[in-house]
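What follows is a single structure, written as structure tokens, with notes after it.
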Number of protein chains: 2
Amino acid sequence: MLTKRQLADFLHKKGYKATPQRLAVYEYLTRTHAHPTAEMLYAQLRHEYPSMSFSTVYKTMGILHELNLVKVINTGEESFRYDADTSRHQHIQCTECGRVEDLYLDLDGIRLEAGRKSRYEVRAQELYFYGVCPECKKEA
Amino acid sequence: MLTKRQLADFLHKKGYKATPQRLAVYEYLTRTHAHPTAEMLYAQLRHEYPSMSFSTVYKTMGILHELNLVKVINTGEESFRYDADTSRHQHIQCTECGRVEDLYLDLDGIRLEAGRKSRYEVRAQELYFYGVCPECKKEA
DNA sequence: CTCTCTGCAAAATTTTTGCACTGCT
DNA sequence: AGCAGTGCAAAAATTTTGCAGAGAG
């Protein structure tokens with residue numbers, strides 16, 4: 001999680017310009033826990049930047065992902081979601097309301113076993129859980 | 001993994017017709033370990049059924065998935081892949097050659113912990129590993 | 001002042017849908 | 001024979017790309 005200024009410096013160091021749009025996209029991502037899709041980002045950022053385009057959202061996400069500043073979340077929905085928390089963590093999605101929440105589990109043991117069994121050199125992993133969130137349980 | 005006849009009976013029991021296309025799609029899936037996409041399925045099945053269409057592949061996968069006869073694999077590529085092995089297992093993808101292989105790990109402990117921490121009623125999980133397969137390691 | 005970036009519109013991809021004809025039961 | 005299913009083409013939906021003008025360094 002970088003501050004606006006830290007992000008600007010980092011972009012410059014990597015040869016990218018620190019445009020207001022890029023800073024706004026990243027800042028919004030650091031502020032929300034909603035794990036938004038490109039569409040949600042676009043809808044929100046339009047308020048501050050009425051001229052904001054999908055193009056810019058997607059291109060910005062491409063750069064942020066390349067620089068390892070965002071995680072791409074792929075729960076199997078139509079669209080990708082994004083998360084500014086790049087620490088090793090997992091996600092759980094409610095099958096009723098669709099919300100996505102963070103989860104912090106230690107998968108070191110599982111990853112080692114996966115490497116041993118598969119003989120792959122394991123470099124990354126993604127773990128998604130699906131179920132019913134406490135609020136949707138109440139309603140049922 | 002059902003035989004052709006078992007699948008035909010199962011489809012009938014569920015009110016679906018056992019068309020040659022459906023049987024061929026499922027049979028091909030049970031024979032391969034390549035975890036094919038709809039496009040790969042279409043390309044292969046065309047040989048036996050020159051008139052086979054994408055429409056039929058997708059509609060068939062929809063039914064097979066609904067009947068829990070196939071797993072949908074979502075490694076974050078452009079397309080979904082499919083697996084006729086519906087037992088609880090995981091997948092690992094080579095980041096060099098793209099192949100997807102099966103992996104059988106016990107995630108009961110992790111799933112329980114996820115339920116405890118999130119307070120969700122956890123119903124399912126998907127775990128993907130990414131790394132370099134033994135063959136691609138040799139080449140490097 | 002230069003060169004990257006934005007924003008628009010068009011393109012590319014994957015998946016879904018409508019509909020007339022086919023063929024399973 | 002009746003009705004679900006196939007296959008074609010068109011539609012939907014998400015993401016990518018080309019390009020002219022805007023703006024960051």
Side-chain angles (χ1 to χ4, degrees), chain A residues 4-5 7-26 28 35-67 70 72-82 98, chain B residues 4-5 7-28 35-67 69-70 72-82 98:
Chain A
K4 228 165 190 168
R5 164 153 302 165
L7 174 60
D9 291 346
F10 191 58
L11 286 170
H12 287 151
K13 188 162 51 181
K14 295 293 183 176
Y16 292 111
K17 292 190 174 170
T19 65
Q21 290 91 333
R22 285 174 184 168
L23 300 178
V25 168
Y26 182 76
Y28 180 76
H35 305 89
T37 61
E39 176 142 31
M40 293 156 87
L41 281 167
Y42 172 67
Q44 285 302 316
L45 293 164
R46 265 189 134 203
H47 297 147
E48 313 172 43
Y49 280 86
S51 72
M52 174 73 66
S53 71
F54 265 110
S55 229
T56 299
V57 172
Y58 278 113
K59 285 170 183 167
T60 299
M61 296 320 298
I63 291 172
L64 294 178
H65 187 226
E66 173 201 328
L67 299 180
V70 304
V72 178
I73 302 173
N74 180 10
T75 63
E77 298 170 297
E78 331 68 56
S79 315
F80 292 125
R81 290 168 175 264
Y82 302 96
Chain B
K4 228 164 189 169
R5 163 154 302 164
L7 173 61
D9 291 345
F10 191 58
L11 286 171
H12 288 152
K13 187 162 50 179
K14 295 292 181 175
Y16 292 111
K17 289 188 178 171
T19 64
Q21 290 92 333
R22 287 175 182 168
L23 300 178
V25 168
Y26 182 76
E27 192 196 40
Y28 180 76
H35 303 91
T37 62
E39 176 142 32
M40 292 155 87
L41 281 167
Y42 172 67
Q44 284 302 318
L45 293 164
R46 262 188 139 208
H47 296 147
E48 313 171 42
Y49 280 85
S51 71
M52 175 74 65
S53 71
F54 264 111
S55 229
T56 299
V57 173
Y58 278 113
K59 285 170 182 168
T60 299
M61 297 319 298
I63 291 172
L64 294 178
H65 186 228
E66 173 202 329
L67 299 180
L69 294 175
V70 304
V72 178
I73 302 172
N74 180 11
T75 63
E77 299 170 297
E78 331 68 56
S79 314
F80 292 126
R81 290 167 173 265
Y82 302 96

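In this text, all values refer to a predicted model and were calculated from it rather than measured experimentally. Here is how names work: the chains are called A, B, and so on, in the same order as the sequence lines, proteins then strands, and each is numbered from 1.
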Near-strand residues of residues 11-19 of chain A, defined as heavy-atom separation under 4.0 angstrom from DNA chain C:
A:Tyr16, A:Lys17, A:Thr19
Atom CG of A:Leu23 and atom P of D:dG23: how far apart are they, to the nearest Å?
16 Å
d(A:Leu23 CG, A:Leu7 CG) to nearest 0.5 Å is 5.5 Å
Using salt bridge (Lys or Arg N to Asp or Glu O under 4.0 Å) as the criterion, list what pairs up with A:Glu77, not counting sequence neighbours.
A:Arg81
Rounded interatomic separation in angstrom, taking OH from B:Tyr26 and C1' from D:dG5
20 Å
Any A:Arg22 side-chain N or O less than 4.0 Å from OP1/OP2 of D:dA24:
no
Interatomic distance, A:Met61 CE vs C:dC5 C1' [rounded to whole Å]:
17 Å
Between the opening five pairs and the closing five pairs of the helix from C:dC1-D:dG25 to C:dT25-D:dA1, how far apart are the helix axes, to 10°?
40°
Flag the pair B:Arg5 / B:Asp9 as yes when at least one side-chain heavy-atom distance between them is below 4.5 Å, and no otherwise.
yes
Here's a test of your reading of the structure: between B:Lys59 and B:Gln21, which maps to the more 5' nucleotide of DNA chain C?
B:Lys59
Pairs: protein N or O with nucleotides 9-14 of chain D N or O, under 3.5 Å:
none

Going by the rule salt bridge (Lys or Arg N to Asp or Glu O under 4.0 Å), which residues pair with B:Lys17 if we only count those two or more places apart in sequence or in a different chain?
none
Between C:dT14 (P) and A:Glu77 (CD): distance, integer Å:
20 Å
Rounded distance (Å) that lies between atom P of C:dC5 and atom CD of A:Glu66
11 Å
Applying side-chain contact (heavy atoms from CB on, under 4.5 Å), run through B:Tyr82 and B:Leu64 and close with a yes or a no.
CA-CA 10 Å; B:Tyr82 302 96; B:Leu64 294 178; over 6 Å; no
Whole angstrom value for the distance that separates C1' of C:dT25 from CG of B:Asp9:
13 Å
Just do the side-chain contact (heavy atoms from CB on, under 4.5 Å) check on B:Ile63 and B:Leu11 with the steps written out, would you?
CA-CA 9 Å; B:Ile63 291 172; B:Leu11 286 171; 4.2 Å; yes
Closest non-hydrogen atom pair between B:Ala38 and B:Val57, with its separation
O-CG1, 4.0 Å
Quick one: A:Phe54 CZ to D:dT17 P, roughly how many Å, whole number?
17 Å
Listed nucleotide nearest any side-chain atom of B:Pro20, set C:dC24, C:dT15, C:dG18
C:dC24
Verdict with reasoning, A:Tyr16 to A:Arg22, per side-chain contact (heavy atoms from CB on, under 4.5 Å):
CA-CA 10 Å; A:Tyr16 292 111; A:Arg22 285 174 184 168; 3.9 Å; yes
Taking atom C1' of D:dT15 as reference, at what distance in whole Å does atom NE2 of A:His65 sit?
15 Å
How close do B:Gly76 and A:Phe80 get, heavy atom to heavy atom, and via which atoms?
O-CZ, 4.1 Å
With a 4.0 Å limit, can you tell me whether A:Ser53 has a side-chain N or O closer than that to the phosphate oxygens OP1/OP2 of C:dT6?
no
At what distance, to the nearest 0.5 angstrom, does CD of A:Glu39 lie from CZ of A:Phe54?
4.5 Å
Take B:Thr75 and B:His35, measure what side-chain contact (heavy atoms from CB on, under 4.5 Å) needs, and give me the verdict at the end.
CA-CA 11 Å; B:Thr75 63; B:His35 303 91; over 6 Å; no
For residues 44-59 of chain B, the side-chain hydrogen bond (donor to acceptor under 3.5 Å, both in side chains) pairs (sequence neighbours left out) are B:Tyr42-B:Arg46, B:Ser53-B:Thr56
